[in-house]
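What follows is a short report on a single structure.
When a ligand or atom number is given, it counts from 1 through the structure's own listing order.
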Amino acid sequence: MEEINYIDIFEIKKNLKGSFIGKNLYYEEKVDSTNTLARDLASKNAKSGSAVIADCQEKGRGRNGKIWTSPCGRNIYMSIILKPKFNPETAQGMTIIAAVSAADAIAEVASLEPQIKWPNDILIGNKKVSGILTEMGTQNMTIDYIVVGIGMNVNILEEDMDAGIKDIATSLLIESKKTNGSERFLDRNKLIASILNKFDKYYEMFLSTGLSSVLGYYQKYFGMMGKTIEINIKDRRVAGQVVGIDSKGALLLKTGENELETIVFGEVYL
Ligand code: BTN
């Protein structure tokens, strides 16, 4: 049916606008996990701002020890290496930056309307289209490197998805067919360049004015405000109403008349 869209590093580079993120690109057709390779490269001498891209992953990793299904030729698997000088606590900001960058790229290149489910799932119409796995290497309480892994379902079709995820996952192509009847493959090279360009913009903003400026853009896609949710925090489950995001990117949940919980990590159930 549709034409194949190959990943082409020259095509990606042609569309890069930033001066830092994506300046060095590593491409492998098949890897275990771009996050694992990026961590390995980061602990050697890879420069901050480099990105590792693969056409498929044999051991793609999701959050909470889950597998990230990563077939060849269809989707985006990319990990950005950062070696910032700030305190490890601010690393959560990188996940926020990645989420808003991925959402911007989807809106720009695919003309779809993504929403962000805190902290880092990108949804279209309640189904997940992209996820982020941020990992960190530290030495003596300082950051050695941060690796921000972004997975995006781009051209995968419903019939090719694993049975276990069909009900909860979607792809940009599936959603484009629904909204504008388009059968054409989306250009992974343009999407990758767009994610890197946005990341460059928001990372620069984060360094110069802090996370709160980036959160202004995040809010645009934040679909959870006012909703009643349940959230798993380690071994307890908390229910409440979402009332906002704080300046460090934590979720603010109203759990009682006068009770507010600030949640830094957790798995949300809408
Ligand atoms: C999640 O939502 O659970 C996070 C998924 C993250 C998947 C990406 S794909 C690129 C990078 N390499 C990995 O092994 N995982 C991340």
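- Not close to ligand 1: Lys66, with no non-hydrogen atom less than 4.0 angstrom away.
- Near Ser33, meaning under 4.0 Å from one of its heavy atoms, ligand 1 places the atoms 12 (N), 13 (C), 14 (O).
- Near Arg61, the atoms of ligand 1 lying under 4.0 angstrom from a non-hydrogen atom of the residue are 5 (C), 6 (C), 7 (C), 13 (C), 14 (O), 15 (N), 16 (C).
- The 12-atom threshold is exceeded at NZ of Lys128, counting heavy atoms of other residues, nucleotides or ligands nearer than 6.0 Å.
- Within the 3.5 Å criterion, the main-chain N or O of Leu186 finds a donor-acceptor partner in the side chain of Asn155.
- At the shortest separation from atom 12 (N) of ligand 1 among protein heavy atoms lies Gln57 OE1, 2.9 Å.
- Judged by distance alone, the side chains of Asp32 and Gln57 never bring a donor and an acceptor atom under 3.5 Å apart.
- Every atom of ligand 1 is numbered from 1 in the order shown, and the set under 4.0 Å from a heavy atom of Trp68 is 1 (C), 2 (O), 5 (C), 7 (C), 9 (S).
- Protein heavy atom closest to atom 8 (C) of ligand 1, with residue, atom name and distance, is Gly151 N, 3.6 Å.
- The contact set between ligand 1 and Asp121, taken as ligand atoms under 4.0 Å from a residue heavy atom, comprises 2 (O).
- Of all heavy-atom pairs between Leu157 and Ile174, the closest is C-CD1, 4.0 Å.
- Of all the atoms in ligand 1, the ones that sit under 4.0 Å from a non-hydrogen atom of Lys128 are 1 (C), 2 (O), 3 (O).
- When all heavy atoms of Thr255 and Ala239 are compared, the pair lying nearest together is CG2-O, 3.5 Å.
- Here is the list of ligand 1 atoms found below 4.0 Å of a heavy atom in Ile132: 2 (O), 4 (C).
- Thr34 and Tyr77 get closest at one heavy-atom pair: CG2-O, 3.6 Å.
- When each of Phe206, Tyr202, Tyr217, Tyr218 is tested with Ile96 by the rule side chain to side chain contact (heavy atoms under 4.5 Å, CB included), just one qualifies, namely Tyr218.
- In terms of protein heavy atoms, atom 3 (O) of ligand 1 is closest to Arg63 N, 2.7 Å.
- Between the side chain of Arg61 and the backbone N or O of Trp68, no donor-acceptor pair lies under 3.5 Å.
- The distance criterion of under 3.5 Å between nitrogen or oxygen atoms is not met by Lys59 with respect to ligand 1.
- Each of the atoms 10 (C), 11 (C), 12 (N) of ligand 1 lies under 4.0 Å from some heavy atom of Thr34.
- Listed by atom number, the atoms of ligand 1 under 4.0 Å from Met78 heavy atoms are 10 (C).
- Of all the heavy atoms of Ile150, the ones lying under 4.0 Å from any atom of ligand 1 belong exclusively to the backbone.
- Ser79 and Asn35 are linked by a side-chain donor-acceptor pair at a separation below 3.5 angstrom, with hydrogens and angles left out of the test.
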